[in-house]
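What follows is one structure encoded as structure tokens, with my remarks underneath.
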2 protein chains.
Amino acid sequence: MCLTMVETVPPTPAGDSGPTREHLLEAAGTVFAEVGFRAATVRAICQQAGANVAAVNYHFGDKEALYAAVLKESCRVALEKFPPDAGLPPEAPAENRLRAFVQAFLQRIFSGGPSARHGQLMAREMIEPTAALDGIVREEIRPMSVRLSEIIRALLGPSANEETVRRCSMSVVSQILFYHHCRPVVNRLFPEVTFTPEEIDRLADHITRFSLAALHHFSAENDTERRDNPNFASQGDHD
Amino acid sequence: MCLTMVETVPPTPAGDSGPTREHLLEAAGTVFAEVGFRAATVRAICQQAGANVAAVNYHFGDKEALYAAVLKESCRVALEKFPPDAGLPPEAPAENRLRAFVQAFLQRIFSGGPSARHGQLMAREMIEPTAALDGIVREEIRPMSVRLSEIIRALLGPSANEETVRRCSMSVVSQILFYHHCRPVVNRLFPEVTFTPEEIDRLADHITRFSLAALHHFSAENDTERRDNPNFASQGDHD
DNA sequence: TGACAATTCAAACAAATGTTTTAAATATGT
DNA sequence: ACATATTTAAAACATTTGTTTGAATTGTCA
């Protein structure tokens with residue numbers, strides 16, 4: 001069926017080939033994030049981009065390729081704007097690195113703009129994974145996961161086994177993602193909850209404190225010699 | 001346009017009107033949970049139910065009403081099979097009630113059958129809320145939320161303010177939902193993680209211990225008199 | 001300017017899908 | 001058994017949607 005296909009893919013593979021291509025990427029990012037891949041229509045995307053219906057197929061080949069391009073680009077932008085280490089060196093205290101990790105993650109998800117759109121797209125990928133998810137996990141999520149694991153391992157102490165590190169990592173990430181993934185329910189349950197920058201800061205505080213408390217407890221549980229050390233119960237002046 | 005419409009809705013409002021209606025509900029539950037409301041086709045549902053294409057409209061009016069019926073029914077079944085208190089009386093120690101809450105929630109989500117389907121449907125509702133979400137929040141989620149809040153409040157002590165209770169409640173629920181909501185990523189990151197009943201138990205253990213450690217810390221932070229009470233640090237023989 | 005490639009555009013195509021219609025089949029009550 | 005209501009079935013309808021087509025337009029370089 002592709003005998004008559006000469007070259008529908010754009011001759012210029014990537015970059016800023018033209019304004020239409022970028023408008024398309026921008027509009028597609030918005031529409032995909034708003035209604036998801038399936039519900040998004042190329043007509044809606046093209047209209048928002050001020051382009052013709054055939055523009056998607058001309059510049060990207062088909063709708064799915066456009067989606068992959070959007071996902072890749074939004075991922076790049078989000079990580080560039082809010083790097084996971086938030087500028088902290090690896091030698092910084094693990095408590096601070098955890099705080100920075102949590103805050104950067106929350107900002108990446110909740111601050112408006114293309115970074116937030118990436119969060120929306122990823123949330124949809126969780127529910128309905130596309131072929132693009134494998135690449136995202138490999139290039140974005142796994143590096144982030146090992147980075148967090150290192151922080152957690154430093155906090156748990158050397159005697160913590162890998163399973164505990166993994167479980168605790170997930171306990172931390174879960175708290176970050178919850179407000180985003182369950183936003184429709186959170187909004188209905190607690191309409192007073194907002195996501196202003198200040199509120200994001202307070203949220204990062206809570207998640208960090210909640211997690212550090214648990215991690216310090218786990219750490220003390222492993223190294224029995226430290227069990228009655230009162231230092232591990234007080235936490236809050238670590239910055 | 002509805003002048004010629006006489007009575008497309010079923011004369012028997014609910015209950016076990018006929019085998020076809022139930023087959024439809026069953027098949028629709030499976031298909032909706034698998035591919036979501038939008039991607040599910042009434043043709044696929046009817047085929048799986050062994051019914052004619054027109055059966056959906058005859059018995060439920062339209063596709064959306066069928067979806068609402070599925071959501072309502074799956075919610076009923078899930079809560080009936082795994083009640084949030086897991087048979088524990090309200091006078092039981094808060095630690096035990098928390099453990100029961102976590103375990104029942106995890107089982108509701110991960111054990112197969114109609115109960116798990118409800119979890120799938122709810123996950124999709126989070127990402128793409130339908131009109132049915134308001135009812136679910138009112139009748140299912142909010143009661144569950146106040147129940148958890150009571151447990152958390154008991155653990156935090158009387159001096160904890162509402163905001164802390166709310167935040168800690170979310171920290172607990174988030175850990176429960178994470179493995180479910182982010183399953184595609186978890187599977188790719190840690191293929192060794194399974195969700196057998198035993199693993200679910202261990203997961204419930206971790207979440208409960210992690211949360212109790214943090215909550216006891218918060219509690220001690222508020223009531224400074226309890227700070228050095230060693231009871232709040234040891235927890236692990238609660239069954 | 002003129003030829004050639006790249007891009008845009010309007011129209012149409014083909015497939016999928018929710019819904020309706022009309023008739024046949026089945027059950028129900030007398 | 002007959003009449004009536006209920007349910008099922010096949011076909012068609014109307015709309016949406018991703019994609020293609022071929023002409024028109026624009027840009028580029030000699």
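As a basis for the values below, the full set of heavy atoms in this structure was taken, side chains included, without hydrogen atoms, waters or symmetry mates. The sequence lines fix the lettering, A, B, ..., with proteins before strands; numbering per chain opens at 1. In this text, all values refer to a predicted model and were calculated from it rather than measured experimentally.
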Over how many whole Å does the gap from B/L24 atom CG to D/dT8 atom P extend?
9 Å
Just checking, is any N or O donor in the side chain of B/S171 or A/H206 under 3.5 Å from an acceptor N or O on the other one?
yes
Under a 4.0 Å N-O cut-off, is there an ion pair linking B/R202 with B/E198?
no
Could you tell me how far apart B/Q47 (CD) and C/dG18 (P) are, to the nearest whole angstrom?
14 Å
Closest to side chain of B/K63, choosing from D/dT8, C/dG18, C/dA10:
C/dG18
Between C1' of D/dA14 and CG of B/N57, the distance in whole Å:
14 Å
Between C1' of C/dA14 and CG of A/D62, the distance in whole Å:
16 Å
Salt-bridged, A/E125 to B/R183, with N to O below 4.0 Å?
no
Nearest to the side chain of A/Y58, which nucleotide is it out of C/dT7, D/dA10, C/dT19?
C/dT7
Positions of residues 31-44 of chain B (non-hydrogen atom under 4.0 Å from DNA chain D), listed by number:
B/R38, B/R43
Distance, rounded to the nearest Å, where B/R21 contributes CZ and C/dA27 contributes P
20 Å
Identify whether any heavy atom of A/A55 sits under 4.0 Å from a base atom; if not, whether one sits that close to sugar-phosphate; answer base, sugar-phosphate or nothing.
nothing
For the pair made of CD1 in B/I45 and P in C/dT19, what is the distance, rounded to whole Å?
11 Å
So, does A/H59 get its side chain near the phosphate of C/dT8, meaning an N or O under 4.0 Å from OP1 or OP2?
yes
Please check: side-chain N/O of B/N52 versus main-chain N/O of B/A55, any donor-acceptor pairing under 3.5 Å?
no
What's the closest nucleotide to the side chain of B/N52 if the choices are D/dT19, D/dA10, C/dT8?
D/dA10
Are more than 12 heavy atoms, taken from residues, nucleotides or ligands other than B/E64, located less than 6.0 Å from that residue's CD atom?
no
Can you give the donor-acceptor pairs under 3.5 Å from side chains of residues 30-50 of chain A to other protein atoms, not counting sequence neighbours?
unit_1 : atom_1 : unit_2 : atom_2 : d
A/T30  : OG1    : A/E26  : O      : 3.2
A/T30  : OG1    : A/R117 : NH1    : 3.1
A/T41  : OG1    : A/A44  : N      : 3.0

Should A/E139 and A/K72 count as an ion pair when the cut-off is N to O under 4.0 Å?
no
Rounded to whole Å, NE2 of A/H23 lies from C1' of C/dT7 at a distance of 15 Å
